[in-house]
Amino acid sequence: MTLHIYNTLTRKKEAFKPIDPQHVGMYVCGPTVYDFAHIGNARPVIVFDVMCRLLQTLYPKVTYVRNITDVDDKINAKAKETGEDIRTITERTAAMFHEDMAALNAKAPSIEPRATEHIAEMIEMIERLIEYGHAYAADGHVLFHVPSMPNYGELSRRKMEDMIAGARVEVASYKKDPADFVLWKPSEDDVPGWDSPWGRGRPGWHIECSAMSRKYLGDTFDIHGGGHDLVFPHHENEIAQSCCANKTDKFANYWMHNGHLMVEGEKMSKSLGNFFTVHELLEEVPGEALRFYMLSSQYRSPFDFTKDGVREAKATLDRFYTALRQHKDVVAADVAAPDAFMEALKDDLNTPLAISVMHECLSAFNKDPSAHNKGVLMACANLLGILEQDIEGWFTGAGDQGAGGVDGAAVQALIDERATAKLNKDFATADRIRDELDAMGVVLEDGAGGTSWKLK
RNA sequence: GGCGCGGUGGUAGAGUGGUUAUGCAGCGGAUUGCAAAUCCGUGAACAGCGGUUCGAAUCCGCUCCGCGCCUCCA
């Protein structure tokens with residue numbers, strides 16, 4: 001089977017046909033850098049990282065663009081609140097974002113453009129929109145005139161009349177039509193601004209993605225991704241801006257949207273206090289467990305994030321690492337992932353099904369720890385971006401992944417002592433040492449190659 | 001009000017018009033000085049009501065329940 005993608009544009013699963021089979025382009029909406037990334041932000045990063053890995057195995061070249069929004073009113077508000085310099089906030093937050101996403105085994109995108117470095121491209125695009133009659137300047141603002149685009153609303157499938165009826169925000173006086181949205185807005189002196197034909201100002205939310213995707217991927221490209229909530233208005237407006245400015249019918253051919261997260265059965269929100277940042281979760285659990293947990297459901301489904309679920313995901317990864325640890329001397333053969341696994345991923349990224357195939361591979365490897373079976377397992381793992389940690393570190397907390405707090409040398413000394421006791425058939429002493437270690441949170445496993453240990 | 005999504009065994013979570021998902025938990029067994037890990041076996045489901053069909057949990061309709069978006073939230 002060829003790769004199939006559920007396309008939000010058509011609401012159907014479609015066979016993926018790249019514009020250029022030699023080079024696939026994908027754009028994903030990235031973070032606005034004003035605060036720590038929360039687990040909800042992590043989902044698209046993980047999902048599209050897997051997508052990118054899959055595309056890379058199917059096509060010779062993939063360009064994956066994920067932007068950083070570093071000009072935004074939420075950033076301005078944060079600066080006002082804390083008294084910090086805006087640049088300080090965005091630089092620090094972007095650095096933290098990179099650190100957190102790396103901990104989730106998410107590879108860096110091919111290109112990570114920043115909005116503030118593409119103001120000229122945005123202004124140029126806005127000028128074209130005005131020139132072509134799709135935008136107008138009014139009261140220091142530049143607005144996209146929605147009625148100028150006949151098929152506006154195609155992605156989100158909503159009619160303009162419905163939107164106006166349901167609008168909950170009062171319409172600014174300078175708008176010709178209530179649905180018109182901002183391309184450029186004036187900046188007061190205490191807010192970042194750039195010189196433009198319409199005075200000192202800053203871009204609206206949507207224009208950066210239109211300008212930057214065009215610069216790096218062209219007028220029309222293959223895949224555009226993001227969170228489900230971005231379908232409207234963000235992506236709808238991107239389409240409007242890009243198609244009208246570039247005079248094209250199509251912006252992105254395939255639109256992929258990941259479902260939202262809930263926490264312990266409730267909508268994640270700051271007021272409920274159920275807002276986990278990736279940063280704080282990483283203090284409790286390895287990033288790889290968070291990643292694996294997210295991949296345990298299909299990306300379009302809503303995902304109920306629970307602490308129990310995280311623990312279970314960690315325990316499942318323990319099984320995989322246990323097998324790798326027991327057969328660490330086996331050199332993995334260089335083989336491809338099995339068909340069933342690939343078919344699952346190629347079916348709109350069915351990661352839960354793919355993981356079930358991995359369990360079968362694990363079982364096969366446990367029964368027959370051959371180089372081939374290990375290779376098969378690792379080929380699957382590489383596509384999902386798991387089993388990338390140091391094995392001993394995973395079990396003993398020796399790496400920087402999660403809590404350790406146990407002195408490895410001391411543990412080894414006790415294990416040696418116990419080995420001597422066992423040799424002398426002094427099982428009372430051996431069991432006492434086991435209990436002692438158990439109290440320290442250390443579990444022993446006697447294997448053919450000696451005794452190994454892990455944290456509970 | 002408009003648009004859209006979903007309700008699967010104890011639990012998480014796939015899938016299919018007729019045939020075992022898978023993991024965890026449970027139960028039985030093998031193995032082990034005892035454990036752990038592993039292996040083998042095993043019970044258990046498709047929200048409700050109609051309809052289409054030789055046959056539906058899978059298609060259609062209705063009902064109930066839950067959820068998302070509707071101008072700057074991934």
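Computed from a predicted structure; not experimentally measured.
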Does A:Asn366 make a side-chain N or O approach to OP1 or OP2 of B:C39 shorter than 4.0 Å? yes
Distance between the [atom1] atoms of [N] and [M], in whole angstroms?
N     : M     : atom1 : value
B:G43 : B:U19 : P     : 16 Å
B:A30 : B:C65 : C1'   : 47 Å
B:G18 : B:C3  : C1'   : 37 Å
B:U58 : B:G6  : C1'   : 16 Å
B:A57 : B:G9  : P     : 15 Å
B:C64 : B:C49 : P     : 15 Å

I'd like to know if A:Arg53 pairs up with A:Asp49 as an ion pair, taking the criterion as any Lys NZ or Arg NE/NH1/NH2 lying under 4.0 Å from an Asp or Glu carboxylate oxygen. yes
Tell me whether A:Arg311 is salt-bridged to A:Asp308, with the criterion being a basic N under 4.0 Å from an acidic carboxylate O. yes
Measure from [atom1] on [X] to [atom2] on [N] and round the result to the nearest Å.
X        : N     : atom1 : atom2 : answer
A:Arg319 : B:A37 : CZ    : P     : 10 Å
A:Lys425 : B:U32 : NZ    : P     : 12 Å
A:Phe232 : B:C69 : CZ    : P     : 13 Å
A:Arg11  : B:C5  : CZ    : P     : 7 Å
A:Phe303 : B:C5  : CZ    : C1'   : 17 Å
A:Lys12  : B:G4  : NZ    : P     : 14 Å
A:His359 : B:U38 : NE2   : P     : 10 Å
A:Lys422 : B:U32 : NZ    : C1'   : 9 Å

5′-ward residue of the pair A:Ile39/A:Asp431 relative to RNA chain B: A:Asp431
Can you find a donor-acceptor pair, distance only, under 3.5 Å between A:Arg434 side chain and B:C34 base? yes
Using a 4.0 Å heavy-atom cut-off, does A:Ser363 contact any base of the nucleic acid, only the sugar-phosphate backbone, or nothing at all? sugar-phosphate
Under 4.0 angstrom, heavy atoms only, what part of the nucleic acid is A:Ser452 near: base, sugar-phosphate, or nothing? nothing
Side chains of A:Lys107 and A:Cys52: closer than 4.5 Å at any heavy-atom pair? no
Ranking B:A21, B:G33, B:C72 by distance to the side chain of A:Ser356, first place goes to B:A21
Aromatic ring pairing A:Phe144/A:Phe181, orientation class (parallel under 30°, perpendicular over 60°, tilted between): parallel
Taking atom types as modelled, find out whether A:Glu288 and A:Tyr321 have a side-chain donor-acceptor pair closer than 3.5 angstrom. yes
Write down the partner of B:U38 under the Watson-Crick or G-U wobble criteria, each distance required to be under 3.5 Å. B:A30
